[in-house]
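I have placed the structure first, in the form of structure tokens, so that the comments after it can refer back to it.
The first residue in the sequence is number 1, and the count goes up from there.
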Amino acid sequence: MAPTKVELLTAWLPGRPWYRGAGTPRLERAGGFRLDDPAGEVGIEFAVLEDADGTVYHQPMTYRGAPLERAEEALIGTSEHGVLGTRWVYDATRDPVAVGQVVALLRGRAVPQAQSVSDTPDTSVVASYGGPLPDGVSGRPAVVDGERWTDVLLDGVTLRVLRVLEETPEGPTAGVPASGVTAGWTAGGEPRRGAFVRVLPA
């Protein structure tokens with residue numbers, strides 16, 4: 001893709017409230033995973049990027065073959081794919097397809113996929129939530145951006161999407177969120193693990 005996803009995010013990230021740096025970031029990929037769109041139309045990726053200052057950002061993105069209606073504020077940018085043509089890249093917290101698949105993941109109805117290997121489940125991703133969840137996501141969800149996360153407001157629950165990742169000690173009483181999505185990444189040359197999404201009951 002040209003520009004690359006990292007190049008698009010380098011230009012987009014400094015305007016976000018969770019950006020910790022000054023000036024232009026120097027981002028390197030540090031991990032992530034994908035979810036499949038059951039309709040096969042929308043690419044869904046949860047990317048992890050480490051800045052030169054050591055901050056680790058989590059950026060969920062969707063890739064579409066046409067603009068998402070009334071979602072101009074969610075557009076990260078456009079890129080040209082050698083086979084698929086123009087791709088519209090969006091912040092996935094504003095994309096109903098991506099939010100619906102996160103709900104499906106929490107329900108055990110979606111399988112996280114390796115970021116760069118086709119048809120390969122990513123077994124490092126763990127999703128759990130014992131409470132009620134909406135049956136589906138229709139229309140663009142309401143969102144509230146903060147300095148470290150974005151809250152996606154759904155019927156009965158809030159999905160808190162962490163934007164700045166921090167390692168969480170393993171173990172049931174060591175601070176690991178009981179409800180949400182956890183996964184791993186590599187930062188500073190070391191494997192790390194923590195929460196990507198937390199589920200907050202209404």
Side-chain angles (χ1 to χ4, degrees), residues 1 4-13 15-20 25 27-39 41-51 55-64 68 71-79 87-107 110-116 122 124-127 129 133 137 140-154 157-166 177 179-185 187 193-200:
M1 294 175 66
T4 67
K5 289 173 273 191
V6 171
E7 289 170 337
L8 288 175
L9 290 172
T10 297
W12 183 80
L13 183 59
R16 305 308 109 192
W18 53 85
Y19 181 53
R20 293 288 181 267
L27 302 174
E28 292 188 3
R29 283 190 171 273
F33 63 94
R34 297 180 299 105
L35 292 176
D36 289 337
D37 170 18
E41 296 293 330
V42 179
I44 307 170
E45 178 181 2
F46 297 80
V48 180
L49 304 108
E50 184 178 13
D51 199 357
T55 305
V56 179
Y57 297 100
H58 167 221
Q59 180 54 53
M61 294 179 282
T62 57
Y63 315 108
R64 288 175 167 267
L68 179 60
E72 292 79 7
E73 82 286 354
L75 183 67
I76 295 173
T78 59
S79 185
R87 308 300 287 172
W88 280 260
V89 182
Y90 289 96
D91 175 11
T93 63
R94 272 83 170 166
D95 192 316
V97 172
V99 174
Q101 284 306 101
V102 172
V103 171
L105 178 64
L106 291 164
R107 284 177 170 272
V111 178
Q113 300 291 313
Q115 190 175 46
S116 57
D122 187 338
S124 72
V125 180
V126 177
Y129 182 61
L133 288 163
V137 177
R140 291 178 52 223
V143 297
V144 179
D145 286 325
E147 293 188 352
R148 300 188 71 85
W149 55 69
T150 293
D151 283 345
V152 182
L153 312 180
L154 302 177
V157 296
T158 294
L159 301 182
R160 175 159 288 179
V161 179
L162 283 296
R163 300 290 197 163
V164 179
L165 296 183
E166 295 181 353
S179 300
V181 179
T182 60
W185 67 90
R193 185 174 184 83
F196 280 42
V197 180
R198 294 182 178 134
V199 185
L200 310 178

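The distance from the CG atom of Leu49 to the OG1 atom of Thr55 is 12.0 Å, given to the nearest 0.5 Å. For the atom pair Asp51 CG and Leu27 CG, the distance stands at 5.0 Å (nearest 0.5 Å). One finds the CG atom of Leu200 at 6.5 Å from the CG atom of Asp151 (value rounded to the nearest 0.5 Å). Remark: Arg87 CZ to Arg64 CZ distance equals 10.0 Å, nearest 0.5 Å.
Closest approach of Thr182 to Ala195, counting heavy atoms only: CG2-CA, 4.0 Å. In plain terms, the two heavy atoms of Ala127 and Val181 that are nearest each other are CB-CG2, 4.1 Å. Considering every non-hydrogen atom in both Leu8 and Ser79, the closest pair reads CD1-CB, 4.2 Å. Taking all atoms of both residues into account, the shortest heavy-atom contact from Pro96 to Arg140 is CD-CG, 3.9 Å. Listed here is the closest heavy atom pair of Ala110 and Pro112: O-CD, 3.8 Å. Smallest separation of non-hydrogen atoms from Tyr90 and Leu68: OH-N, 2.8 Å.
Under the 4.5 Å side-chain criterion, counting only non-hydrogen atoms from C-beta, Leu75 is not in contact with Val89. In this structure, the side chains of Phe196 and Trp185 come closer than 4.5 Å at one or more pairs of heavy atoms. Residues Leu35 and Glu45 fail the side-chain proximity criterion, which asks for heavy atoms closer than 4.5 Å.
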Between Val97 and Ile44, is a side chain to side chain contact (heavy atoms under 4.5 Å, CB included) present by the stated rule, with each step listed?
CA-CA 8 Å; Val97 172; Ile44 307 170; 4.0 Å; yes
Stepwise, does the salt bridge (charged side-chain N to carboxylate O under 4.0 Å, His left out) test hold for Arg29 with Glu50?
CA-CA 6 Å; Arg29 283 190 171 273; Glu50 184 178 13; over 6 Å; no
Please evaluate residues Ser179 and Arg198 with respect to the criterion side chain to side chain donor-acceptor pair (under 3.5 Å), reporting the C-alpha separation (whole Å), side-chain torsions for both, the decisive distance (0.1 Å), and the verdict.
CA-CA 6 Å; Ser179 300; Arg198 294 182 178 134; over 6 Å; no
Arg163 and Glu147: salt bridge (charged side-chain N to carboxylate O under 4.0 Å, His left out), yes or no, with the steps?
CA-CA 8 Å; Arg163 300 290 197 163; Glu147 293 188 352; over 6 Å; no
Evaluate Phe46 against Arg34 for side chain to side chain contact (heavy atoms under 4.5 Å, CB included), listing each step before the verdict.
CA-CA 6 Å; Phe46 297 80; Arg34 297 180 299 105; over 6 Å; no
Take Gln113 and Val125 through the test side chain to side chain contact (heavy atoms under 4.5 Å, CB included) and record every step on the way to the result.
CA-CA 9 Å; Gln113 300 291 313; Val125 180; over 6 Å; no
Working note: Leu165 + Tyr57, criterion side chain to side chain contact (heavy atoms under 4.5 Å, CB included); need CA distance, chi angles, decisive distance, verdict.
CA-CA 6 Å; Leu165 296 183; Tyr57 297 100; over 6 Å; no
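At least one donor-acceptor pair under 3.5 Å links the side chain of Asp37 to the backbone N or O of Val42. For Gln101 (side chain) and Ala98 (main-chain N/O), no donor-acceptor pair under 3.5 Å exists by modelled atom type. Although no hydrogens or angles enter the test, the distance criterion places a donor-acceptor pair under 3.5 Å between the side chain of Thr10 and the main chain of Val6.
Of the listed residues (Val161, Val197, Val157), just one forms a side chain to side chain contact (heavy atoms under 4.5 Å, CB included) with Val152, and that residue is Val161. Just one residue in the list His58, Gln59, Arg148 forms a side chain to side chain contact (heavy atoms under 4.5 Å, CB included) with Trp18, and that residue is Gln59. The side-chain hydrogen bond (donor to acceptor under 3.5 Å, both in side chains) test with Thr150 singles out one residue from Asp91, Thr93, Asp145, and that residue is Asp145.
Under the side-chain hydrogen bond (donor to acceptor under 3.5 Å, both in side chains) criterion, Glu72 pairs with no residue at all, not counting sequence neighbours.
For the pair Arg160 and Trp149, the cation-pi test (distance below 6.0 Å, angle within 45°) is passed.
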